[in-house]
Student: 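Here you go, one structure.
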Amino acid sequence: METIARVPKPQNEPVSSYAPGTPERAALSAALARVAAAPREIPCLIGGKPVITGRLVPVVMPHDHGHTLAHFHAAGVPEVHAALAAAEEARRGWQAMRWEDRLAVFLKAAELLAGRHRAWLNATTMLGQSKTCHQAEIDAACETVDFWRFNAEFAARLYEEQPESAPGTWNRLQMRPLEGFVLALTPFNFTSIAANLPTAPAMMGNTVVWKPAESQTLSAHVIMEILAEAGLPPGVINFLPGHGPDVVPPLVKDARFAGLHFTGSTPVFQSLWKAVAENLYGYRGFPRIVGETGGKGFIVAHASADEDALLTAIVRGAFEYQGQKCSAVSRVYLPKGLWARLRDRLIDTVAGLRMGDVCDHENFMGAVIKQTAFERLSGVLADAQADPEIEVLTEGKSEGDVGWFVPPTVLLSDNPTSRFMTEEFFGPLFTVFVYDEARYGDVLTLVDRTSPYGLTGAIFARDREAIAHACQALTFAAGNLYINDKPTGAVVGQQPFGGARASGTDDKAGSAHNLLRWVAPRAVKETFDPPRDYRYPFMQAP
């Protein structure tokens, strides 16, 4: 029995408050205690079955790195080959399944996560990635649910879109999956991105090999558990935790490699693109390469900006989740008069930000993700202290004995093209450049040309002409541009996310544009009464 199905209309998942006395706060507290109580052992998951390698790698709390939450079994070359075989075995059955049945798996997963698995995934994200409850809620719970619900509707729209047919013919467009497997490489900083990168291609009928970031493996494994409970067939997504150099090269070299879905650093993405190019003649086709990489998020304020809104956007945009967002505020351009009024307020506000254990809900910040990030960022702060062009406006020092804590830091630069205005540091620091308000147009040009990135940025102004001027001048400076709001926190279905330049391929996660990258459309023309003579009317004799 056939039917034309309609996907339930998606709505963005409401954000729970976790205020004292609320049910969600009690449920989260219980889940945090369970996650912290006993370390888990995380296997590879290949063809739906756990695979034990014996090469155990610890997962620790960044804010209490003496506390081990889990050990994962690191994949190697044998597990890669097993995952490829499992993906190939599952491919025909999965792509042949009706699209409604495929999408139903992810819609069910969204319901499971929105309900009884919400506290569990949030707790693993908080402890494993050092996120506050609010940052975990908007990421691990709400955005993941949104990806699964909205992507289901976007997929249905793609299937529904059909070409015109001339009289006597019927034209159809079939959205085939790619011929091969998709490799998903996901970052530590967003559980929702880790959930979306393997599942978006899978929704469109592809099978996937997924290598999560080592420091995000705990919450990644919970995602796999939710998908299994939702009915995802074995082998559709194969889970290979491990070290990138051990896992990625044999996958990229395989002839069946059909696509890369990536979020991470720009240098890593560039190296992967180079590896794909070097292996190009060995593939069945041209692989789809989709990547979201680095950023140097900016705020540029006009003299007419609302000072309170601007201050809030700077602090939240720069320091939420310790600045470990590709969209984080990293450079701020302020006119002299506004800076004179805002400087002391900004310094006092940053000095009052509490940093510590994310289970203490009075803390605004947790720790950076791992020791190498802590050491790198501590080095950046030391360089700033020694740079004659930089004034460090806030006090504080890195403390790594218990957790990898890097203090929220505000820098002031006289040089608008210094490394502190151009490089991505991926931590809780940003740099201010003060300009003459009469040179607003010149500063917009400076913002556009200073950084190699083009991911996020924000304009603050009440003067409409100033806003219009900035929108035009910054056309290519940001794939996500915000007016009078912080340049972080894109919402699925509302602000499709992604940038160009050194920030990636701008394929807009959280939209149909991204899903279109994971299909190979086939046009089918059927003629009901085809011609029976090769000659055309113009060929007749007069």
Side-chain angles (χ1 to χ4, degrees), residues 294-318 326-347 387 389-391 393 410-425 429-490 495 497-504 506:
K296 190 70 174 174
F298 62 82
I299 288 179
V300 55
H302 183 258
S304 66
D306 182 310
E307 294 176 27
D308 293 336
L310 175 61
L311 177 61
T312 298
I314 292 172
V315 172
R316 286 184 172 180
C326 49
S327 56
V329 174
S330 188
R331 50 189 174 124
V332 178
Y333 301 81
L334 300 175
K336 288 180 181 178
L338 180 57
W339 174 240
R341 297 188 300 273
L342 200 66
R343 175 176 171 141
D344 290 344
R345 291 182 64 195
L346 176 61
I347 294 171
D387 192 324
E389 294 181 328
I390 298 295
E391 181 183 355
L393 300 181
V410 182
L411 308 176
L412 180 65
S413 177
D414 292 331
N415 179 2
T417 60
S418 75
R419 64 178 292 232
F420 295 95
M421 297 294 291
T422 59
E423 292 182 23
E424 181 185 40
F425 297 119
L429 68 151
F430 70 90
T431 308
V432 175
F433 175 73
V434 179
Y435 70 92
D436 186 332
E437 59 189 55
R439 300 181 66 87
Y440 178 65
D442 294 336
V443 165
L444 295 176
T445 301
L446 180 68
V447 172
D448 180 56
R449 295 179 180 177
T450 294
S451 167
Y453 300 104
L455 189 56
T456 65
I459 304 158
F460 272 81
R462 284 180 282 206
D463 183 319
R464 196 70 218 181
E465 185 176 358
I467 293 172
H469 185 183
C471 287
Q472 180 62 35
L474 301 173
T475 296
F476 296 102
N480 283 64
L481 184 65
Y482 297 78
I483 300 171
N484 293 320
D485 202 353
K486 63 183 175 64
T488 63
Q495 297 98 32
F497 190 78
R501 294 181 175 172
S503 292
D506 203 16

Student: Thr456: which residues meet the side chain to side chain donor-acceptor pair (under 3.5 Å) condition with it, sequence neighbours left out?
Tutor: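 Side chain to side chain donor-acceptor pair (under 3.5 Å) list for Thr456, sorted by chain: empty.
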Student: To the nearest 0.5 Å, what is the distance between CG on Asp436 and CG on Asp442?
Tutor: 9.5 Å
Student: Does a side-chain heavy-atom distance below 4.5 Å link Leu310 with Leu334?
Tutor: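 The answer is yes; the side chains approach within 4.5 Å.
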Student: Sorted by first residue and then second, give each ring-ring contact (aromatic ring centres under 6.0 Å, His included) pair with at least one member in residues 449-483; sequence neighbours left out.
Tutor: Tyr440-His469
Student: Could you work out, with ring pair (Phe, Tyr, Trp, His ring centres under 6.0 Å) as the rule, every residue matching Tyr333, not counting sequence neighbours?
Tutor: none
Student: Pairs under 3.5 angstrom only: tabulate donor-acceptor contacts from the side chains of residues 299-309 to other protein residues two or more places apart or in another chain.
Tutor:
{"residue": "His302", "atom": "ND1", "partner": "Ser304", "partner atom": "N", "Å": "3.1"}
{"residue": "His302", "atom": "ND1", "partner": "Ser304", "partner atom": "OG", "Å": "2.8"}
{"residue": "Ser304", "atom": "OG", "partner": "Arg462", "partner atom": "N", "Å": "2.9"}
{"residue": "Ser304", "atom": "OG", "partner": "Asp463", "partner atom": "N", "Å": "3.0"}
{"residue": "Asp306", "atom": "OD1", "partner": "Asp308", "partner atom": "N", "Å": "3.0"}
{"residue": "Asp306", "atom": "OD1", "partner": "Ala309", "partner atom": "N", "Å": "3.0"}
{"residue": "Glu307", "atom": "OE2", "partner": "Arg341", "partner atom": "NE", "Å": "2.5"}
{"residue": "Glu307", "atom": "OE2", "partner": "Arg341", "partner atom": "NH2", "Å": "3.2"}
{"residue": "Asp308", "atom": "OD1", "partner": "Arg345", "partner atom": "NH1", "Å": "3.1"}
{"residue": "Asp308", "atom": "OD1", "partner": "Arg345", "partner atom": "NH2", "Å": "2.8"}

Student: With sequence neighbours left out, what residues match Arg419 under salt bridge (charged side-chain N to carboxylate O under 4.0 Å, His left out)?
Tutor: Asp383, Glu423
Student: Go through the structure and list residues passing side chain to side chain contact (heavy atoms under 4.5 Å, CB included) with Leu393, not counting sequence neighbours.
Tutor: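 If we apply the side chain to side chain contact (heavy atoms under 4.5 Å, CB included) test to Leu393, skipping adjacent residues, the hits are Trp339, Arg343, Ile347, Glu391, Val410, Leu412.
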Student: Glu424 side chain to Lys296 main-chain N or O, any donor-acceptor pair under 3.5 Å?
Tutor: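 No: the side chain of Glu424 does not pair with the backbone of Lys296.
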Student: Excluding sequence neighbours, so at least two apart, what forms salt bridge (charged side-chain N to carboxylate O under 4.0 Å, His left out) with Asp387?
Tutor: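 Testing Asp387 for salt bridge (charged side-chain N to carboxylate O under 4.0 Å, His left out), a comparison that skips the adjacent residues, returns none.
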Student: Do any N or O atoms from the side chain of Ser503 and from the backbone of Gly294 form a donor-acceptor pair under 3.5 angstrom?
Tutor: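 Pair found, side chain donor or acceptor close to backbone of Gly294.
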Student: If the condition is side chain to side chain contact (heavy atoms under 4.5 Å, CB included), which residues does Ala318 pass it with, not counting sequence neighbours?
Tutor: Val329, Phe430
Student: Would you call Thr450 and Arg331 a side-chain contact if the rule is heavy atoms closer than 4.5 Å?
Tutor: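 Thr450 reaches Arg331 side chain to side chain.
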Student: Once side chain to side chain contact (heavy atoms under 4.5 Å, CB included) is applied, do any residues pair with Asp414, and if so which ones, sequence neighbours excluded?
Tutor: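 Partners of Asp414 under the side chain to side chain contact (heavy atoms under 4.5 Å, CB included) test: none.
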Student: Hey, are the side chains of Phe497 and Ser327 touching, using non-hydrogen atoms and a 4.5 Å cut-off?
Tutor: yes
Student: Run the salt bridge (charged side-chain N to carboxylate O under 4.0 Å, His left out) test against Asp485 and tell me which residues pass, sequence neighbours left out.
Tutor: none
Student: Is Pro335 close to Tyr435 at the side-chain level, that is, under 4.5 Å between some pair of heavy atoms?
Tutor: yes
Student: State whether the side chain of Thr431 and the backbone N or O of Phe420 hold a donor-acceptor pair below 3.5 Å, judged by distance alone.
Tutor: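 Yes, because the side chain of Thr431 sits within donor-acceptor range (under 3.5 Å) of the backbone of Phe420.
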Student: Provide the closest heavy-atom pair for Pro416 versus Phe433 in the form atom of the first, atom of the second, distance.
Tutor: CD-CE1, 3.6 Å
Student: Testing the basics here: between Ala470 and Leu444, what is the closest heavy-atom pair and its distance to 0.1 Å?
Tutor: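 That closest heavy-atom pairing would be CA-CD1, 3.6 Å.
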Student: For Thr417, enumerate each residue passing the side chain to side chain donor-acceptor pair (under 3.5 Å) test, keeping only those at least two apart in sequence or located in another chain.
Tutor: Asn415
Student: Minimum heavy-atom separation for Asp506 to Ala500, with atom names?
Tutor: CB-N, 4.1 Å
Student: Holding to salt bridge (charged side-chain N to carboxylate O under 4.0 Å, His left out), I want the full list of residues that pass it with Arg449, two or more places apart in sequence or in another chain.
Tutor: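 In terms of salt bridge (charged side-chain N to carboxylate O under 4.0 Å, His left out), with neighbours along the sequence ignored, Arg449 is linked to no residue.
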